[in-house]
Amino acid sequence: MATHLNSFDAIYQVVQLIPQGKVTSYGAIAAYLGMKGGARMVGWAMNASHTLENVPAHRVVNRNGILTGKNFFGGNRMQELLEEEGIQVKEDKIVGFQQHFWDPSIEL
DNA sequence: GGTATGACAATGA
DNA sequence: GTCATTGCCATAC
C-alpha cells in the first residue's frame, strides 16, 4: 500500500512504525516496499531522513545486525540509543539481532 | 538522458 | 566459515 507514497516517504513510514526496542534490516523494508533488491536505496533514504528527527534510523541495521550507519549518527549516538531501548550492542553489532528483529512484512 | 554513487543483499569460490 | 564479485532500485550530477 505504499504505492501512493514516494519511496522516501514509504521508508520513513515503515521506520517510524518500528516499535521501541526492535530493529529491522534494509532488505526487510525494501522487500516490504516491493524493492527487494533496492536495499541500498533504503540506506539512501535514511541519509535524507537523517535530517529529520522523527525517523529512528538507529533501529535500522543491515542484515548482519551491524550498525552500518553509526558513522552517520556522529559517533556512538546510534549505539547509545539502541542500548537505552534495551538492545545490547557489541562492537557495533546487535547482540541477539534475530531476537530484536522486527519484520514489517510480517508485523504489518 | 546517461553516468556515477549509495547507511545493502545474495551468490559463488 | 570468510572474502570477493554482481545485482538491484532510486537519486544526484
Side-chain angles (χ1 to χ4, degrees):
Chain A
M1 262 298 273
T3 53
H4 294 174
L5 299 171
N6 292 341
S7 303
F8 278 39
D9 285 339
I11 293 167
Y12 299 154
Q13 295 294 328
V14 177
V15 175
Q16 290 175 14
L17 287 172
I18 301 174
Q20 191 176 36
K22 297 287 183 181
V23 292
T24 189
S25 62
Y26 301 92
I29 297 173
Y32 174 71
L33 298 176
M35 301 181 283
K36 185 177 179 185
R40 311 174 98 179
M41 202 273 309
V42 177
W44 196 263
M46 292 286 101
N47 190 357
S49 74
H50 178 246
T51 60
L52 304 175
E53 297 179 359
N54 299 11
V55 183
H58 61 272
R59 293 181 189 153
V60 184
V61 296
N62 66 355
R63 114 145 188 62
N64 206 18
I66 300 172
L67 289 79
T68 45
K70 171 199 161 188
N71 194 7
F72 282 67
F73 274 75
N76 55 351
R77 197 97 151 275
M78 188 173 185
Q79 179 173 335
E80 291 224 345
L81 287 169
L82 290 171
E83 286 182 344
E84 279 195 41
E85 295 188 0
I87 299 176
Q88 298 177 341
V89 180
K90 191 75 173 181
E91 303 279 314
D92 298 347
K93 183 173 65 180
I94 295 176
V95 180
F97 172 60
Q98 203 175 50
Q99 181 178 329
H100 296 288
F101 185 73
W102 181 83
D103 192 338
S105 185
I106 297 174
E107 303 294 337
L108 301 180

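No experiment lies behind these values; they were computed from the predicted model shown. Chain A is the first sequence line, chain B the second, and so forth, proteins listed ahead of strands; every chain is numbered from 1.
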Original post:
Does the A:S25 side chain pair with the main chain of A:A28, one donor and one acceptor, at a distance under 3.5 Å?
Top reply: yes
Original post:
Do A:V15 and A:S49 have side chains that get closer than 4.5 Å, going by heavy atoms?
Top reply: no
Original post:
Is the closest side-chain heavy-atom distance between A:I66 and A:V61 below 4.5 Å?
Top reply: no
Original post:
CE of A:M35 versus C1' of C:dG7: gap in Å, rounded?
Top reply: 16 Å
Original post:
Within this structure, what is the OH-to-C1' distance between A:Y26 and C:dA10, rounded to whole angstrom?
Top reply: 16 Å
Original post:
On DNA chain B, which is the earliest and which the latest nucleotide, 5' to 3', with an atom closer than 4.0 Å to a heavy atom of chain A?
Top reply: B:dG6 to B:dA10
Using a cut-off of 4.0 Å on non-hydrogen atoms, how would the nucleic acid contact of [X] be classed: base, sugar-phosphate, or nothing?
| X | answer |
| --- | --- |
| A:R40 | base |
| A:A57 | base |
| A:N47 | base |

Original post:
When you measure from every atom of DNA chain B, which of residues 71-108 of chain A have a heavy atom less than 4.0 Å away?
Top reply: A:F72, A:F73
Original post:
Given the rule in the side-chain contact (heavy atoms from CB on, under 4.5 Å) test, do A:Y32 and A:I29 qualify, once you have shown the distances and angles that lead to the verdict?
Top reply: CA-CA 5 Å; A:Y32 174 71; A:I29 297 173; 5.6 Å; no
If you take all heavy atoms of [X] and [Y], which pair is closest and at what distance?
| X | Y | result |
| --- | --- | --- |
| A:S105 | A:D103 | N-OD1, 2.9 Å |
| A:L67 | A:M78 | CD2-CG, 3.4 Å |
| A:F101 | A:T24 | CE1-CA, 3.9 Å |

Please tabulate, for the side chains in residues 39-48 of chain A, all donor-acceptor contacts under 3.5 angstrom to protein atoms that are two or more places apart in sequence or on a different chain.
none

Original post:
Nucleotide by nucleotide, 5' to 3', does protein get under 4.0 Å of the base (B), only the sugar-phosphate (S), or neither (-) in nucleotides 1-6 of chain C, counting heavy atoms?
Top reply: ------
Original post:
Can you list the stems that DNA chain C is part of, where a stem is at least 3 pairs in a row, each Watson-Crick or G-U, with both distances below 3.5 Å?
Top reply: B:2-6 with C:9-13, B:8-13 with C:2-7
**OP:** Verify the distance criterion only: is there a donor paired with an acceptor across the side chains of A:T68 and A:Y26 at less than 3.5 Å?
**Re:** yes
Subject >> side-chain contact (heavy atoms from CB on, under 4.5 Å), paired with A:V60, selected from A:I11, A:I18, A:V23, A:V55 >> reply: A:I18
Can you give me every donor-acceptor pair (side chain of residues 81-90 of chain A, partner residue at least two apart or in another chain, under 3.5 Å) with its distance?
from  : atom 1 : to    : atom 2 : distance (Å)
A:E83 : OE2    : A:Q79 : NE2    : 3.3
A:E85 : OE1    : A:G21 : N      : 3.0
A:E85 : OE1    : A:R59 : NE     : 3.1
A:E85 : OE2    : A:H58 : NE2    : 3.2
A:E85 : OE2    : A:R59 : NE     : 3.2
A:E85 : OE2    : A:R59 : NH2    : 2.9

